[in-house]
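Working notes, structure below.
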Amino acid sequence: MTIEINGQCDPRFAKVKAAFETNFREHDDVGASVAITLNGKFIVDLWGGHLDEQRTSPWQEDTLVNVWSSTKTMAAMSLLLLADRGEVDLHAPAAKYWPEFAQSGKEAIEVRHFLSHTAGLSGMDEAVEGDALYDWDWMTGALAKQAPWWEPGTQSGYHALTQGHLIGEIVRRVTGQSIGNFFHQEIAIPTGADFHIGAGEELDERIGNLIPPEAGPAPDPDTIAGRTFANPLVDATAPRLRAWRAAEIPAANGQGNARSIVRAQTAMANGGQAFGKTIMSEAGTKRIFEKQSEGVDLVLGVPLVFGMGYGLNSELIPISPNKNTSFWGGYGGSSVIVDQDARLCFSYVMNKMETGLLGDPRGFGLAAAMYASIA
């Protein structure tokens with residue numbers, strides 16, 4: 001099978017283009033994009049394949065898809081930007097900015113606990129029914145009333161959908177703007193990132209539908225993992241709904257592609273600078289690496305090290321040969337790498353979902369090819 005690959009690739013990174021082609025040939029990719037900046041400049045920006053399972057409509061340069069939890073890097077970056085400006089103290093109680101949050105024994109939960117999935121609010125007690133997930137005030141009100149499921153700050157439990165609302169409500173209380181609007185104004189516009197948390201109807205013609213994965217084994221409903229994924233319960237086809245796209249779900253409903261993710265995140269890899277703009281200070285970007293938790297995650301069941309908003313490179317999950325590297329990924333396979341040592345920023349985005357939450361051989365293979373290219 002021959003797939004036409006479009007875009008540009010620096011000859012030094014020919015291994016990345018070859019790995020991208022391999023994904024279509026050997027890993028059954030349908031439509032995808034991969035992008036990399038080095039020292040703030042694009043050295044890879046490739047796309048190819050199709051928008052549909054029938055392989056009739058080509059993936060375009062400006063195609064967007066739902067990237068699931070890769071969106072979390074945008075929410076985290078937004079909050080780190082406010083911290084860099086001195087408008088948010090990450091070590092302050094969240095209730096300093098969101099007084100209602102102090103209910104049910106949550107007075108001492110700090111803002112940083114939202115960033116590191118250690119707040120004990122990985123899922124919700126109150127049933128999220130109908131369109132409640134799309135109702136910002138309902139979601140944040142329910143989270144404000146809820147008691148933590150474990151002692152906050154002691155260990156991580158992946159806040160699959162709730163993290164974005166927790167972070168986003170701090171952003172809203174401090175700035176008066178929704179996090180989608182704040183991200184758009186302060187990060188997306190300055191960096192030229194075609195990435196959207198809350199997408200208007202005018203974008204629908206560019207948004208491709210995701211191809212759902214095969215169903216994986218369901219976690220025990222009596223465990224924290226089972227409770228997390230049961231409520232809110234989200235079907236892999238939800239991103240096809242206009243209501244999903246229009247809402248702001250900053251943990252899961254960002255619409256973008258590899259280029260747009262890299263455009264937004266390049267500042268985090270490049271000392272706060274991106275495409276001629278200063279987004280934040282270099283010190284502000286380094287806060288990612290303030291380690292907040294280490295151990296087996298209560299929800300994902302794998303050993304993770306979390307910094308401020310990103311997973312951190314570790315011996316247990318070696319993302320990079322470089323120490324100061326952070327990452328995250330989205331349900332189905334999208335991925336983001338921010339390597340401050342090499343000043344590399346990487347992303348892979350696709351439409352054919354696999355079952356994993358932390359990436360799969362397609363993204364890992366591209367990242368390995370990237371590092372082999374600079375070795």
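Basis for what follows: all heavy atoms, side chains included, without hydrogens, waters or symmetry-related copies.
Criterion: ILVMFWY side-chain heavy atoms under 4.5 Å apart, direct or through other members. Under it, I317 and F364 are not part of a common hydrophobic cluster. Cluster membership for V336 and V302, using ILVMFWY side-chain heavy atoms within less than 4.5 angstrom, is shared. Note on V34: it clusters hydrophobically with L210, by side-chain heavy-atom contacts below 4.5 Å among ILVMFWY residues.
Ring orientation note: the planes of Y331 and W68 are nearly perpendicular, at an angle over 60° on the 30°/60° scale. Classification of the W150-H159 ring pair by plane angle, with boundaries at 30° and 60°, yields perpendicular. Classified by interplanar angle (parallel below 30°, tilted 30° to 60°, perpendicular above 60°), the ring pair F101/F114 is perpendicular.
The ring pair (Phe, Tyr, Trp, His ring centres under 6.0 Å) test applied to Y134 returns no partner, not counting sequence neighbours. With sequence neighbours left out, R287 forms a side chain to side chain contact (heavy atoms under 4.5 Å, CB included) with L80, A83, L90, H91, E290, M308.
Counting heavy atoms of neighbouring residues, nucleotides and ligands inside a 6.0 Å radius, atom CD of E205 does not exceed 12 of them. Atom CD of Q185 sits in a crowded spot, with more than 12 heavy atoms from other residues, nucleotides or ligands closer than 6.0 Å.
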side-chain contact (heavy atoms from CB on, under 4.5 Å) evaluation trace for D89 with V111: CA-CA 7 Å; D89 177 357; V111 176; over 6 Å; no
Steps toward side-chain contact (heavy atoms from CB on, under 4.5 Å) verdict (I43, R12): CA-CA 9 Å; I43 40 109; R12 292 176 298 162; 3.9 Å; yes
Derivation of the side-chain contact (heavy atoms from CB on, under 4.5 Å) call for D297 and F306: CA-CA 10 Å; D297 186 87; F306 278 112; 3.8 Å; yes
Criterion side-chain contact (heavy atoms from CB on, under 4.5 Å) on V234 and L133, from CA distance to verdict: CA-CA 9 Å; V234 174; L133 178 60; 3.8 Å; yes
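Rounding to the nearest 0.5 Å places CZ of R343 at 7.0 Å from CG of N39. Atoms CD1 and CG, on I109 and L121 in that order, are 5.0 Å from each other to the nearest 0.5 Å. The CD1 atom of I224 sits 7.5 Å away from atom CD of Q155, with the distance rounded to the nearest 0.5 Å. Between the CG atom of L161 and the OG atom of S69 there is a distance of 7.0 Å, given to the nearest 0.5 Å. In this structure, the separation between OG on S347 and CZ on R259 is 11.0 Å, given to the nearest 0.5 Å.
Look at R245 and E201 and you find no salt bridge, because none of the NZ, NE, NH1 or NH2 atoms lies under 4.0 Å from a carboxylate O. R55 has a carboxylate O that lies under 4.0 Å from a charged side-chain N of D28, or vice versa, which qualifies the two as a salt bridge. Remark: R172 does not engage E248 in a salt bridge, criterion side-chain N to carboxylate O under 4.0 Å. Under a 4.0 Å N-O distance rule, the pair D194/R263 does not qualify as a salt bridge. Under 4.0 Å is where a charged nitrogen must lie from a carboxylate oxygen, and between R227 and D125 at least one such pair does.
Between the side chain of Q163 and the backbone N or O of L115 there is at least one donor-acceptor pair closer than 3.5 Å. N313 places a side-chain N or O within donor-acceptor distance of the main-chain N or O of N322, the cut-off being under 3.5 Å. Looking at N231, its side chain does come within 3.5 Å of a backbone N or O of V128 through a donor-acceptor pair. The closest donor-acceptor contact from the side chain of Q273 to the backbone of N270 lies at 3.5 Å or more, if one exists at all. Of the possible donor and acceptor atoms, one in the side chain of S373 sits under 3.5 Å from a partner among the backbone N and O of A369. Checking side-chain atoms of Q265 against main-chain N and O of T73 turns up a donor-acceptor pair under 3.5 Å. Remark: the backbone N or O of N66 is paired with a side-chain donor or acceptor of Q255 at under 3.5 angstrom. A donor-acceptor pair under 3.5 Å links the side-chain atoms of Q340 to the main chain of M268, judged by distance alone. Using modelled atom types, one side-chain atom of N351 and one backbone atom of G31 make a donor-acceptor pair closer than 3.5 Å. With hydrogens and angles ignored, the 3.5 Å screen pairs a side-chain donor or acceptor of S104 with a backbone N or O of K145.
For the residue pair K72 and Y158, a side-chain donor N or O sits within less than 3.5 Å of a side-chain acceptor on the partner. Counted by atom type alone, T37 and T266 present one or more donor-acceptor pairs between their side chains at under 3.5 Å. For the 3.5 Å distance criterion, the side chains of T22 and R25 qualify, holding a donor opposite an acceptor. Residues Y97 and E87 have side chains that never bring a donor and an acceptor to within less than 3.5 angstrom of each other. There is a side-chain donor-acceptor pair under 3.5 Å between S320 and D339. Remark: the D29 side chain and the Y348 side chain contain an N/O donor-acceptor pair separated by less than 3.5 Å.
Ring centers of F42 and F275: under 6.0 Å apart, within the cut-off. Here the two rings, on F20 and W47, have centers that are 6.0 Å apart or farther.
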